[in-house]
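This report concerns only the one structure given below.
Only this structure's heavy atoms are used, side chains among them; waters, hydrogens and symmetry mates stay out. Chain identifiers are assigned alphabetically (A, B, ...) following the order of the sequence lines, protein sequences preceding nucleic acid strands; residue numbering begins at 1 within each chain.
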2 protein chains.
Amino acid sequence: MILDETDKKILRLLQVDAHLTLKDIANKINLSLTPVHDRVKRLEKEGIIEKYVSILNKKKLGNNLMVYCQVTLVKQTYDVSAGFNQSIMNMPEVVECNFISGSFDYMLKIILPDMESYHNFHQKKLSILPEVSLINSFFIISEVKSTTVLPI
Amino acid sequence: MILDETDKKILRLLQVDAHLTLKDIANKINLSLTPVHDRVKRLEKEGIIEKYVSILNKKKLGNNLMVYCQVTLVKQTYDVSAGFNQSIMNMPEVVECNFISGSFDYMLKIILPDMESYHNFHQKKLSILPEVSLINSFFIISEVKSTTVLPI
DNA sequence: ATCGATTCAGAAATATTTTATGTAAAAATA
DNA sequence: TATTTTTACATAAAATATTTCTGAATCGAT
């Protein structure tokens, strides 16, 4: 699927604010409702637009700690890896998990209320997994940038 | 601000799908439109709901490479740090940047089309910064989990 | 030149959001 | 305890937004 400049303009706008109305978008890119509507629907159908979500404020929800965890598995076989993946999917505090090539196997990003919660998570949920051999934690002191916007 | 169970139910729904109508939400939590409307407006006003965004498909936009970069600065002074932060804010391929305590200073997450783009980014945009002393890259082989949903 | 496909505009129909009005229960005050 | 105030909710009407319909203009291909 080929995106023309109009598609890209729409995507750039919707990435930043999904609550813009079709009319808002139409005005901003000098078009009528119809093409904007049709294009958005097409972008949704094609899966270019995956979903619309609300971004909540971490701190106001009491989540004041973010941690990167480098995890090394006991073995690098498919079974061990699949078992680990499965466990991670059911951990809401793990907001990011990526399989890595390097001196460890996974990079995780964890969001939690405080250090006590992290201690608990580390001891009772992560290190307890049979697939996990080593955990290396990096505590985030300050968030400089965090965006869902992709370059288009 | 205190969130009751009804607020939390609304937030859980909107985090996953911001295109649910007030009616949809009202039905799902057995309420009428008014309280749902009023609560959502209050959550927006209080900043609990920060924004509504569209999530786009990386691969369909041609971004097939994700990299974590551990960056060490030349000095850990405020000025150097502030200069680095400023530069990062203007780099659309850097979707995440966090100041870290540990054996390096920053953890970055980069999204790009391919290795060639990364090579270019590394040489022409990142390592060229006067604040940067060392870059350590970890290439993501496979994305296991990536969510904007916070545990509530 | 004509046909078909694509892209867009305008308007009507439908659905959603917003506002207004009112009621009942709980909390606060006299 | 009685009264007032506040809070939370329901229903309905008004204002907006989305969706669908109809048709015109442009571009390519035959």
With salt bridge (charged side-chain N to carboxylate O under 4.0 Å, His left out) as the rule and sequence neighbours excluded, what pairs involving residues 14-29 of chain A come up?
none
Categorize [X] for me: base, sugar-phosphate, or nothing, with a 4.0 angstrom heavy-atom threshold over every strand shown.
| X | value |
| --- | --- |
| B:R42 | nothing |
| A:T34 | base |
| B:S32 | base |

Most 5' of B:L31 and A:L22 on DNA chain D, judged by nearest nucleotide:
B:L31
Can you tell me if [X] touches the phosphate of [N], counting only side-chain N or O atoms and a distance under 4.0 Å to OP1 or OP2?
| X | N | value |
| --- | --- | --- |
| A:R39 | C:dC8 | yes |
| A:H37 | D:dT18 | no |
| A:K23 | D:dT18 | no |

Any idea which of C:dT18, D:dA10, D:dT19 is nearest the B:P35 side chain?
D:dA10
Nearest whole Å is fine: how far is [N] [atom2] from [X] [atom1]?
| X | N | atom1 | atom2 | answer |
| --- | --- | --- | --- | --- |
| A:D17 | D:dA17 | CG | P | 13 Å |
| A:D4 | D:dC27 | CG | P | 15 Å |
| B:Y52 | C:dT17 | OH | P | 10 Å |

Determine which pairs satisfy ring pair (Phe, Tyr, Trp, His ring centres under 6.0 Å) with at least one residue from residues 39-66 of chain A, sequence neighbours left out, and list them in order.
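Output for this query lists A:Y52-B:H19.
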Answer with yes or no whether the side chains of B:S117 and B:N120 bring together a donor and an acceptor at under 3.5 Å.
no
Would you check if there is a donor-acceptor pair between the side chains of A:Y68 and B:E96 at a distance under 3.5 Å?
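B:E96 vs A:Y68: donor-acceptor pair found between side chains.
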